[in-house]
Amino acid sequence: MTDDAAPHISFATRHRKVLLGGFSVAIFFIAWQATFLFVPFNPLFISKPNLILDSFVEMLFSGDLLHDLAVSGVPFLYGFTAAVVVGVSVGVVMGWRVRVGYALDPLMTVFYASPLVALAPLVIVFFGVGVSGKAIIIFLLSVFPFIFNTAAGVRAIDRLLINVVRSMGGTEKDLYLKVIVPGVLPYIVAGARIAVGRGLIGILVGEFFAASEGIGYAIARFGDLFALDKMFACILAIMIIAVVLTEGIRWAERAAFPWRIGQ
Amino acid sequence: MSESHALKADIAADDDLVTPGRTGWQRFESTLYGAGSIVVLLLVWEIVPHLITISAGTKLFFTTPSQIGGTLWTMFATGTIWKPLGVSASGFSLGLVLAIAVGLPLGVLIGRSRTLNAMFDPFITAFNATPRLVFLPLLMLWFGLGLGSKVVIVFIGALFPILINTYEGVRNTDRVLVNVVRSFGASEWDVARLVVVPNAMPYIIAGLRLAIGRAVLGVVVAEFFGSESGLGVMMVQAAGRYQVAVVFAGLIVFAALSLAMTALVQILENRLSRWRPQHAGNE
Amino acid sequence: MSAYIQGRNVNLTFRPPNRRPVRALQNFDIDVNEGEFLSIVGPSGCGKSTFLNVLLGLAKPDSGDIMLGGKRIEGPGTDRAMVFQEFGLLPWRTVQSNVELGLELKGVATETRREVSQRLIEMVGLVGFETHYPHELSGGMKQRVGLARALATDPDVLLMDEPFAALDAQTRDLMQVELLRIWQEAKKTVLFVTHQIDEAIYLSDRVMVMTKRPGQAKKIFAIDLPRPRDYEMRVTREFNDLKLEIWNELKDEITSR
């Protein structure tokens, strides 16, 4: 039929979502900047996009920003790695052994539901403000998503698939490589997405308390100094990192586990 | 009745829908193990200081469940807990109520409109990924120490789970159901009232549950860094004075607050979702 | 004199965002008499459901006229009601309150609503299930609720969009018997869209075969089988001749691409 011929769909229609999103972001920053044409600008109370951008670029090239990020990154790496190792192991056991699951589920739920960040002052007092104190806070906050998601992933493995692989003469190794790991991995990665956010909170809490360097410390100090353009620049840096990490994991999930789309 | 025959055929087809829940023994076993592990943990924690000698320095950082319980008891008996608890609870509830008041309508709006959705999406993605704590120093500058900055940090923490879940729920609205009520001449308002909101309710409740956790977190951190009173302030001061039991007592009160609110939401959910298959059984 | 339902030159094209437009109906004509049971069969996606939506007032044609009892259809109205293929029951409402939905939206008083829903629940054989939720019902029972809900506002025209397609074969047969009984009792004009030629012949006064998309009326068959009809009728010579004739007409539309 003639009307089934591919009609011309304009560029604007096809990329409507991205264009509208970019448009609203642009409007936001322009409005922010333009407000101070009408309202007196008080640099001790608010900053302007152009000043923030200047500070961001300046701190980026002076190396201050990267230094602070690196200082914060080390405990994050330690704490997060420990959370993956401990969380996945505990989760596997909890998911695989029914009785261990019975025993640990309520306990872990209590821990998960408590605002463990409230223990931060104690951790800092006990372990100090260095790498270890921060790493422990990060570990405490980010281990539970791994435990719960891994356990859920193991429980969700279709026992029928195990029998299928066994019946076709599959070995224990086949079982792990072909059924268990592909089944659980998506859950663990989804847990990582949640854990990243909580880990970042851990960094900030640790450094807001008492630190002499690090990105959280920088934000708090620039706040104290009323250097709002620098503070906003650091906030911007954290936002970029947070978005890149979580959206990156989301992207990896879609790329690596296409069969889970829509779940 | 002539159709009684047909009816029986229909009901028979339902038989395979009945799925067995956990048996009584399994439920007993899971409760036993669950409670058991908590009791064992508490006992070990209590006994360890009696079995091994702890150096005086380390002892400063150590407490036992009985000491924590005693501290809690004193705090409630003497009433010293009420003032800081009141301060924390008011910051918590004000922020949460504000988050619901903004998040629900906004979620419905961006769920119903593609244009608004596209325009808000970058902001929601960015703010949801970023730990809201980064804004605390800024908020302290703007709103000062105390209730203002606390309410705002609770608000921005709790807003996004509610907003995003409402949006997801609204977007998942069944087109057929919208057509059904439209075919009876329903207005947009009727569609929202009869289909969109009830359909989104399970999502909203799940969002609310997440929001409670975020809100408690918000209160705790706001009070750690930017307040003069409240439970969090009490805990930081106690940690500085090595009153470890007080820190744990505070943690327990916060956890109880969070659990009580979650239980409230659970009751709400049970009332609202009698129509859902998974709630009809013994799950 | 014009027919009770009259469609002339109805054209409708869907324009989904980010996709090519789909022409669903092209110069579609139809005449339906009052009290008639008319079935529409046609290949998948030929626009038969679209036409029901136009009649219901949910979709607006780009051009052409559709009149009902001498009046143009402008939007949804209580003179028409639809029975949906996927039942379309609100899952958070009980059987009774699903049946009362249309009356509620019309602003009918509670006692009157109760009376009407009770009578219809009895009619479709669901007494005892008033307070059940849809998930507690089987497919056949759900569609009984859908039928009762459509009848509750006492419409003149009943639109049925493959109402039994989601049911298993036995339930479907039973529901057809039920539908004929209710139709005879309630005396409505029925437009019934289906994929099944058997079903169309068994139920209808006339069967319309539609072309593939964009949908047009291809041929109309009068079904002169006596009423009341019974199940045995399906194995008679006349029935099977009709079935073959309709199938031959439909076959070209399905096989030619």
Side-chain angles (χ1 to χ4, degrees), chain A residues 16-25 27-28 44-46 98-107 110 112-122 124-126 196-198 200-201 203-205 208-209 216 219-220 222-224 226 228 231-232 234-235 238-239 242-247, chain B residues 26 29-38 40-41 61 114-123 125-138 140-142 213 216-217 219-221 224-225 231-232 235-240 242 244 247-248 250-252 254-255 257-259 262:
Chain A
R16 192 164 170 271
K17 190 167 171 154
V18 178
L19 288 175
L20 272 172
F23 173 73
S24 67
V25 172
I27 289 289
F28 174 77
L44 299 182
F45 192 71
I46 182 81
V98 178
R99 288 196 175 77
V100 179
Y102 287 163
L104 293 186
D105 251 340
L107 194 63
V110 168
Y112 195 45
S114 331
L116 283 179
V117 75
L119 289 182
L122 210 57
I124 296 289
V125 169
F126 198 83
V196 162
R198 294 171 68 98
L200 289 176
I201 293 176
I203 280 273
L204 294 173
V205 171
F208 279 179
F209 257 115
I219 291 174
F222 289 135
D224 289 342
F226 292 96
L228 274 108
M231 177 159 86
F232 270 109
C234 292
I235 291 176
I238 292 257
M239 286 184 98
V243 171
V244 166
L245 282 178
T246 46
E247 291 303 303
Chain B
Q26 272 174 319
E29 204 186 7
S30 71
T31 317
L32 185 75
Y33 279 92
S37 71
I38 292 177
V40 167
L41 181 82
F61 297 102
R114 275 166 184 277
T115 310
L116 284 180
N117 174 19
M119 291 180 69
F120 274 94
D121 190 58
F123 296 103
T125 308
F127 278 92
N128 191 43
T130 311
R132 261 71 64 179
L133 193 52
V134 288
F135 302 108
L136 186 60
L138 184 67
M140 278 156 54
L141 268 178
W142 284 352
V216 172
L217 186 83
V219 172
V220 174
V221 293
F224 278 1
F225 306 114
L231 270 181
M235 289 167 74
V236 178
Q237 287 169 351
Y242 302 112
V244 181
V247 179
F248 274 98
L251 175 70
I252 288 171
F254 269 127
L257 180 69
S258 162
L259 285 175
T262 312

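All chains are named by letter (A, B, ...) in the order of the sequence lines, taking the proteins before the strands, and each is independently numbered beginning at 1.
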*Heavy-atom distance under 4.5 Å to chain A: side chain of B:Leu41, backbone, both or neither?*
side chain
*asked:* Holding to ring pair (Phe, Tyr, Trp, His ring centres under 6.0 Å), I want the full list of residues that pass it with A:Phe23, two or more places apart in sequence or in another chain.
replied: none
*Identify which part of B:Thr115 has an atom lying under 4.5 Å from any heavy atom of chain A, answering side chain, backbone, both or neither.*
both
*Assess whether side-chain contact (heavy atoms from CB on, under 4.5 Å) is satisfied between B:Arg132 and A:Ile201, documenting all intermediate values.*
CA-CA 8 Å; B:Arg132 261 71 64 179; A:Ile201 293 176; over 6 Å; no
_Side chains of B:Phe224 and A:Pro121, heavy atoms from C-beta outward: is any pair under 4.5 Å?_
yes
_Heavy-atom side-chain proximity of A:Leu119 to B:Phe248 below 4.5 angstrom_ = yes
_Any non-hydrogen side-chain atom of A:Tyr102 less than 4.5 Å from a side-chain atom of B:Thr31?_
no
*Flag side-chain contact, heavy atom, 4.5 Å: A:Lys17 against B:Asn117*: yes
*Do A:Phe208 and B:Leu133 come close enough that some side-chain heavy atom pair is under 4.5 Å?*
yes
_Top of B:Thr125, B:Val134, B:Leu217 for chain A proximity - count of heavy-atom pairs under 4.5 angstrom_ = B:Val134
*Where on B:Phe123 is there a heavy atom nearer than 4.5 Å to chain A: the side chain, the backbone, both, or neither?*
side chain
*asked:* Can you confirm whether B:Leu141 sits close enough to A:Leu44 that some side-chain heavy atom of one is under 4.5 Å from a side-chain heavy atom of the other?
replied: no
_Option in B:Leu251, B:Asn128, B:Leu257 with maximal non-hydrogen atom pairs under 4.5 Å from chain A_ = B:Leu251
*To the nearest 0.5 Å, what is the distance between CZ (B:Phe135) and CG (A:Leu204)?*
10.5 Å
*Non-hydrogen side-chain atoms of B:Ile38 and A:Pro106 separated by less than 4.5 Å*: yes
_Proximity breakdown for A:Met231 and chain B, heavy-atom pairs closer than 4.5 Å_ = side chain
*Do the rings of A:Phe232 and B:Trp142 sit parallel, tilted or perpendicular, given the 30° and 60° boundaries?*
tilted
*Quick one: list whatever passes salt bridge (Lys or Arg N to Asp or Glu O under 4.0 Å) with B:Arg114, sequence neighbours left out.*
none
*State the CG-CZ distance between A:Leu116 and B:Phe254, to the nearest 0.5 angstrom.*
13.0 Å
_Selection from B:Val40, B:Leu138, B:Leu259 maximising heavy-atom pairs under 4.5 Å formed with chain A_ = B:Leu138
*A:Ile235 CD1 to B:Thr130 OG1 distance, which is reported to the nearest 0.5 Å*: 9.5 Å
*asked:* Which atoms of A:Leu228 are under 4.5 Å from chain B, going by heavy atoms: the side chain, the backbone, both sets, or neither?
replied: side chain
*Any donor-acceptor N or O pair under 3.5 Å, side chains B:Ser30, A:Arg99*: no
*If you count heavy-atom pairs under 4.5 Å between each of B:Gly240, B:Pro122, B:Gly213, B:Ala118 and chain A, which one has the most?*
B:Ala118
*Could you state the interatomic distance from OH (B:Tyr242) to CG (A:Leu122), rounded to the nearest 0.5 Å?*
10.5 Å
